[in-house]
Amino acid sequence: MPLPSRVQIIDVGPRDGLQNEKQAVPAAVKIELVHRLQAAGLSEIEVTSFVSPKWVPQMADNAAVMAGLQRQRGVRYSVLTPNLQGFEAAVTTQPDEIVVFGAASEAFSRKNINCSIAESIERFAPVVQAALAAGIAVRGAMSCTVGCPYEGDVAPERVAYLAGLMRQIGVQRVDVADTIGVGTPLRVQRAIEATLQHFDIDHISGHFHDTYGQALANTLAALQMGVWNFQSSVAGLGGCPYAKGATGNVATEEVVYMLHGMDIATGIDLDQLVDAGVFISDFLGRPPQSNVARALLNQRAG
Ligand code: HMG
Ligand code: MG
């Protein structure tokens with residue numbers, strides 16, 4: 001199978017990245033980060049989530065962040081909505097896409113969204129319907145598609161089951177997420193194969209956390225199957241508050257460097273992306289969690 005010639009990246013740093021930060025990040029900083037990402041050429045950005053502020057305090061400013069964006073034509077802004085309450089709040093902020101998020105593992109579903117997989121689908125169904133009726137695109141995130149912090153290994157059959165349910169309720173595309181970054185290439189390929197029972201390759205994206213340093217290898221394994229949509233976080237921000245010990249998504253800088261080095265287009269300017277990563281990392285008081293950013297910054301300083 002030839003590798004894709006172009007890859008579409010969703011930067012999830014403002015959401016998946018910042019949701020896990022203990023220190024308050026002002027809405028103005030989040031807005032500036034989104035602006036810097038779009039200036040760097042990101043055409044899809046996961047901005048925030050409309051979840052309970054008691055569960056995830058960092059995302060409590062969701063509406064303010066959405067309202068403060070100077071939107072750029074051609075950029076898709078997505079937000080997470082776990083239930084109708086979240087959707088109703090989100091829709092007033094005019095997202096281009098909403099994301100319902102389920103898990104392939106029962107235990108993670110309960111810890112993360114306080115309900116079983118079956119119940120989560122019942123909650124998502126009216127959200128998906130309302131979004132589609134309003135002309136808003138719908139993505140489904142599938143957590144723990146290879147491993148779960150509570151249940152250990154997750155079988156591909158569990159992924160196929162969840163993907164089938166997502167399909168049934170009208171989700172248009174899905175993310176195969178390795179929430180805790182334990183996956184290795186062949187296991188990730190099995191999770192993608194399971195998803196292919198219900199979604200075609202153009203509607204599957206890879207969402208890999210880099211906890212064990214496998215995310216780029218997993219990205220390549222997905223590319224080799226024809227996947228051309230990926231999620232990553234500028235400066236490697238993040239982790240999930242309900243997946244203890246899991247580090248951030250693979251850094252967008254890492255993915256872009258690898259893809260450009262393979263002559264795969266992304267539309268992203270790596271230098272500007274590194275600057276966006278420095279901006280948010282400076283705010284957080286640490287260097288970007290990205291080898292590529294570090295190398296390029298050293299070269300600049302050189
Ligand atoms: P619940 O407690 O079961 O909900 O939480 P409830 O319907 O019983 O409501 C209880 C309270 O929450 C009520 O408030 C509701 O108003 C409020 P109270 O009367 O107690 O004051 N509430 C809400 N408030 C704001 N927005 C809402 C909302 N819904 C209810 N949408 C719920 C269920 C899903 C809300 C909760 O469990 C929650 O917010 N969980 C947070 C989940 C989360 O954000 N996790 C991180 C994102 S997922 C992720 O990172 C993985 C991903 O990156 C992929 C991967 O890597 O795997 C996507
Ligand atoms: Mg994630």
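For ligands, and for the atoms within them, numbers begin at 1 and follow the listed sequence.
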> In ligand 1, which numbered atoms sit nearer than 4.0 Å to a non-hydrogen atom of Gly86?
Replying inline: 31 (N)
> Has Met59 got any heavy atom lying under 4.0 angstrom from an atom of ligand 1?
Replying inline: no
> Thinking salt bridges, do Arg123 and Glu119 make one under a 4.0 Å N-O criterion?
Replying inline: no
> Closest heavy-atom contact between Asn62 and Ser49?
Replying inline: ND2-O, 3.0 Å
> Is the number of heavy atoms from other residues, nucleotides or ligands under 6.0 Å of Tyr257 OH greater than 12?
Replying inline: no
>> Could you tell me if Arg187 and Gln189 have a donor-acceptor pair between their side chains, going purely by distance under 3.5 Å?
In response: no
> Using 4.0 Å as the upper bound for N to carboxylate O, is an ion pair formed by Asp153 and Arg158?
Replying inline: no
>> On a heavy-atom basis, I'd like to know which of Asp175, Val51, Asn112 is closest to atom 42 (C) of ligand 1.
In response: Asn112
> How many degrees, to 10°, between His209 NE2 and His207 NE2 as seen from the Mg ion (ligand 2)?
Replying inline: 90°
> Under 3.5 Å between some N or O of ligand 1 and some N or O of Phe50?
Replying inline: yes
> Which ligand 1 atoms does Asn83 reach within 4.0 Å, using its non-hydrogen atoms?
Replying inline: 27 (C), 28 (C), 29 (N), 30 (C), 31 (N), 35 (C)
> Any ion pair linking Glu254 and Arg294 (charged N to carboxylate O, less than 4.0 Å)?
Replying inline: no
> Hey, which atoms in ligand 1 end up nearer than 4.0 Å to a heavy atom of Ala177?
Replying inline: 54 (C), 55 (C), 56 (O), 57 (O)
> Is ligand 1 less than 4.0 angstrom away from at least one heavy atom of His209?
Replying inline: yes
> Has Pro53 got any heavy atom lying under 4.0 angstrom from an atom of ligand 1?
Replying inline: yes
>> Show the atoms of ligand 1 that are less than 4.0 angstrom away from any heavy atom in Val56.
In response: 41 (C), 43 (C), 44 (O)
> Between His203 and Asn229, do the side chains contain an N or O donor and an N or O acceptor separated by less than 3.5 Å?
Replying inline: no
> Which ligand 1 atoms, with their elements, are less than 4.0 angstrom from a heavy-atom of Lys54?
Replying inline: 18 (P), 20 (O), 21 (O)
> Between Ser49 and ligand 1, is there a nitrogen or oxygen pair with a distance under 3.5 Å?
Replying inline: no
>> Quick check on side chain to side chain contact (heavy atoms under 4.5 Å, CB included): which of Val99, Ile98, Thr92 does Pro95 satisfy it with?
In response: Ile98
>> Below 4.0 Å, non-hydrogen atoms only: which portion of His207 touches ligand 1? Side chain, backbone, both or neither.
In response: side chain
> Is the NZ or CZ atom of Arg167 positioned over Phe199's six-membered ring, under 6.0 angstrom from the centre and within 45° of the axis?
Replying inline: yes
> If you measure from atom 39 (O) of ligand 1 to every heavy atom of Ser143, Gly17, Ser52, which option wins on shortest distance?
Replying inline: Ser52
>> Are more than 12 heavy atoms, taken from residues, nucleotides or ligands other than Gln70, located less than 6.0 Å from that residue's CD atom?
In response: no
>> Does only the side chain of Thr179 get under 4.0 Å from ligand 1, or the backbone, or both, or neither? Count heavy atoms.
In response: both
> Charged N to carboxylate O under 4.0 angstrom, Asp271 versus Arg300?
Replying inline: yes
> What do you reckon, does Arg15 put a non-hydrogen atom under 4.0 Å from ligand 1?
Replying inline: yes
>> Using a 4.0 Å cut-off to any heavy atom of Asp16, which atoms of ligand 1 qualify?
In response: 50 (O), 53 (O)
> Which single N/O/S atom of Asp16 lies at minimum distance from the Mg ion (ligand 2)?
Replying inline: OD2
> Are any of the N or O atoms of Pro82 closer than 3.5 Å to those of ligand 1?
Replying inline: no
>> Taking atom OH as the centre, does Tyr212 end up with more than 12 heavy-atom neighbours from other residues, nucleotides or ligands that are less than 6.0 angstrom away?
In response: no
